[in-house]
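Index from 1, following the sequence.
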Amino acid sequence: MTLTDWPRTAADSNLDPAGPAAVSGAPQPVSRTTGTVSDTPEPPSDTESGTEGKPSGMKLTSSQKWATGAIVIAALVLAGIGLYLSFEHVAVFAFERLRFGSLGKGQLFAIGVDVGIMIMIAVDLLMAWLKRPISWIRYPVWLLTAATVVLNAASGAPKGRGWELLDYVAAGAHGLVPVLFIAVVELGRDAIDRMVRPDRAERDSIPWIRWTLAPGATARIFRRMRLWGVNSYPEMTRRDQELIAYEQWLKRKYDGDLTEATEDELLPMRMAPYGYTVAQALAMPDEQERAAQKRAEDAERRRRDAETRSEIADAEAEAARLRAKGKVETVRAEVDGQTGQARAHARAQVSAAERAAAMEKQALDNAVVAEAAAREAEAGRKAAEERQAEAEADLRTAALELQAAEKRKEAAEADKVAAAEARAIETRTIAENRRATAETHRVATEIERAAAEAARATAEANRKKAEEKGREEEALAQIARSKKEAAEADRAAAETRRVTAEIERRAVEAEDIAKLKPRERAVRRVARMILAAGGVDQLPLADIQHELAVASPGTASEYRQEAAELLAGGYTPAA
């Protein structure tokens with residue numbers, strides 16, 4: 001090995017990579033550095049960080065239990081003796097020297113001190129038995145015990161003369177029993193702690209020979225062991241040996257001038273007061289670089305995670321905004337649709353009312369026309385009656401003419417007889433002339449009779465035609481009256497529809513002002529239909545389904561029921 005080579009104790013690959021959490025913090029109590037200054041193996045120890053007991057799994061035997069009981073009884077006897085002696089001495093000393101005023105008060109003072117000590121000792125032992133020790137409770141016990149020792153020693157001080165050797169012995173004797181009692185209590189507490197916590201790490205004690213031979217160095221070792229939690233004395237000496245060996249190696253490397261060493265090479269000497277081993281100090285730069293790199297990587301990862309979360313949050317916010325906007329648009333469209341539907345319905349109802357008014361006007365016009373037709377039919381009937389009267393007059397005239405023709409026939413017969421009588425007298429020529437004349441009269445009479453028959457038949461036909469026309473005109477008049485009555489009914493219905501449409505329009509306007517929901521509008525519309533029908537039972541469900549475009553009879557029944565309840569509650573459409 002050259003002067004610049006790393007010593008074997010420091011070159012071991014089994015270095016502890018885990019240094020203390022911080023420079024000022026306590027280092028790890030366990031060091032896995034196995035090298036030593038020489039090739040000799042390191043002193044044996046139960047663990048690298050100190051001797052550590054393991055649970056034996058054995059139970060106390062009967063003899064051990066009897067021994068334990070005897071020890072406890074002896075400790076109680078010792079406690080009783082100590083309390084008795086301490087009580088007597090402290091009570092008298094408190095009365096005579098501490099100005100408590102009376103012996104009773106001095107006794108109460110002594111009892112209070114002793115009882116306080118016993119209570120705190122009992123609590124300390126109980127909590128140690130429950131594996132929940134209270135570390136600070138020992139210090140008040142020690143303080144009170146020290147006060148008791150001082151009071152007991154003071155009670156044995158000489159009065160009115162100087163101190164002699166025997167006086168010191170007496171004062172020590174007065175304080176011996178309390179000190180012994182506290183020692184027994186501490187022993188019992190430690191025994192209980194070992195029993196209930198067998199795996200508790202134990203702290204090695206430094207040999208007294210080292211304290212005697214090297215008190216300064218030993219005090220420094222003791223200080224570092226207590227400061228940095230190193231329970232193993234061999235481990236602490238090995239650390240010192242490693243540090244001395246490393247320092248000597250570093251001096252050989254730089255020819256005794258450590259100022260030429262780098263900062264990293266000087267770390268073991270600088271970090272030793274803080275509990276670092278040589279391996280931990282030398283590994284610290286690499287560990288710090290790895291920790292810094294890890295922190296940078298963690299920071300970069302957190303930054304990327306934050307960016308990702310920010311992007312996700314922005315995307316979710318944008319999605320939520322779009323969903324909210326879509327919901328708002330949907331609600332707006334729904335409201336606009338419902339409003340438009342209500343307005344269209346109102347306009348349709350108003351238009352229906354206007355059409356009903358127009359139809360009513362048309363019905364009135366039809367009624368006027370029907371009435372004019374009825375008057376015309378009445379005039380025609382009267383004209384037919386007049387024509388019938390004229391036909392009857394013509395018939396009577398024809399009858400008179402027929403009678404006149406009969407008379408002329410009779411006259412002609414008479415003339416014929418007269419002609420026959422005159423034939424004898426007149427000449428043949430005259431007779432022939434008369435015969436021709438008579439024949440002419442006969443033919444004319446026949447013609448006149450046929451004309452009279454034709455006139456009578458014509459008059460009869462005219463009469464029948466006049467009667468038929470009268471019946472037709474009567475039927476037309478009846479039809480006109482029916483049409484007039486129907487027109488009156490239509491006019492009344494149109495007036496009713498107009499009033500209903502006006503009420504519906506005003507109700508829809510009131511509902512628009514009240515901003516009712518579609519179902520409330522539908523219920524009020526069914527209520528108006530019930531009023532128009534004259535009752536709930538008079539309104540079929542089919543009319544509700546048809547009017548509200550409802551497919552389910554159950555829904556129509558619910559509308560009718562709610563409308564009935566609404567009417568029962570005093571609902572009245574706007575008039």
Heavy-atom donor-acceptor pair, Trp211 side chain to Gly216 backbone, under 3.5 Å: no
For Arg323, salt bridge (charged side-chain N to carboxylate O under 4.0 Å, His left out) partners two or more places apart: none
Donor-acceptor contact below 3.5 Å, side chain Ser557 vs main chain Pro553: no
Ile134 to Asp124 - nearest heavy-atom pair and separation: O-OD1, 3.9 Å
By ring pair (Phe, Tyr, Trp, His ring centres under 6.0 Å) - contacts of Trp142 (at least two apart): Tyr139
Derivation of the side chain to side chain contact (heavy atoms under 4.5 Å, CB included) call for Tyr276 and Arg270: CA-CA 9 Å; Tyr276 282 77; Arg270 293 179 178 176; over 6 Å; no
Non-neighbouring partners of Asp298 that pass salt bridge (charged side-chain N to carboxylate O under 4.0 Å, His left out), sequence neighbours left out: Lys294, Arg301
Between CG on residue Leu566 and CZ on residue Arg560, distance to nearest 0.5 Å: 15.5 Å
From CA spacing to verdict: side chain to side chain contact (heavy atoms under 4.5 Å, CB included), Asn231, Met225: CA-CA 6 Å; Asn231 296 325; Met225 287 178 65; over 6 Å; no
Arg239 versus Gly275, closest heavy-atom pair with distance: NH1-O, 3.1 Å
CD on Glu263 to CD on Glu265, rounded to 0.5 Å: 10.0 Å
side-chain contact (heavy atoms from CB on, under 4.5 Å) partner of Glu297, chosen from Arg295, Glu300, Gln293: Gln293
pair Met269-Leu250: side-chain heavy atoms closer than 4.5 Å: yes
Considering all heavy atoms, the nearest Ala281-Leu267 contact: O-CD1, 3.6 Å
Minimum heavy-atom distance Leu243-Pro268, with the two atoms named: CD1-O, 3.5 Å
Nearest-0.5 Å distance that lies between atom CD in Glu260 and atom CG in Asp255: 7.5 Å
Cationic N near anionic O, under 4.0 Å, Glu562 to Arg519: yes
Check against side chain to side chain contact (heavy atoms under 4.5 Å, CB included), Ile544 and Val550: CA-CA 7 Å; Ile544 299 176; Val550 176; 5.6 Å; no
Approximate separation, where rounding is to 0.5 Å, of Met127 CE and Leu130 CG: 6.0 Å
Backbone of Lys517 reached by a side-chain donor or acceptor of Glu520 within 3.5 Å: yes
Atom pair OG1/OH of Thr277 and Tyr246 - distance to nearest 0.5 Å: 12.0 Å
Qualifying residues under side chain to side chain donor-acceptor pair (under 3.5 Å), relative to Asp314, sequence neighbours excluded: none
Distance-only donor-acceptor check, side chains Thr262 and Asp264, under 3.5 Å: no
Closest non-hydrogen atom pair between Tyr559 and Ala522, with its separation: CZ-CB, 4.1 Å
Donor on one side chain, acceptor on other, Tyr571 and Arg528, under 3.5 Å: yes
Pairwise distance OH(Tyr274) to CH2(Trp228) - rounded to 0.5 angstrom: 7.5 Å
All salt bridge (charged side-chain N to carboxylate O under 4.0 Å, His left out) counterparts of Arg224, not counting sequence neighbours: Asp240
Closest approach of Pro207 to Tyr233 (non-hydrogen atoms, all atoms of both residues): CD-CE2, 3.6 Å
Residues Glu318 and Lys325 bridged, charged N to O under 4.0 Å: no
Glu307: salt bridge (charged side-chain N to carboxylate O under 4.0 Å, His left out) partners, not counting sequence neighbours: Arg303
Short side-chain to backbone donor-acceptor contact, Thr308 and Arg304, under 3.5 Å: yes
Verdict with supporting geometry, Met271 and Gln280, side chain to side chain contact (heavy atoms under 4.5 Å, CB included): CA-CA 9 Å; Met271 301 306 296; Gln280 291 173 346; over 6 Å; no
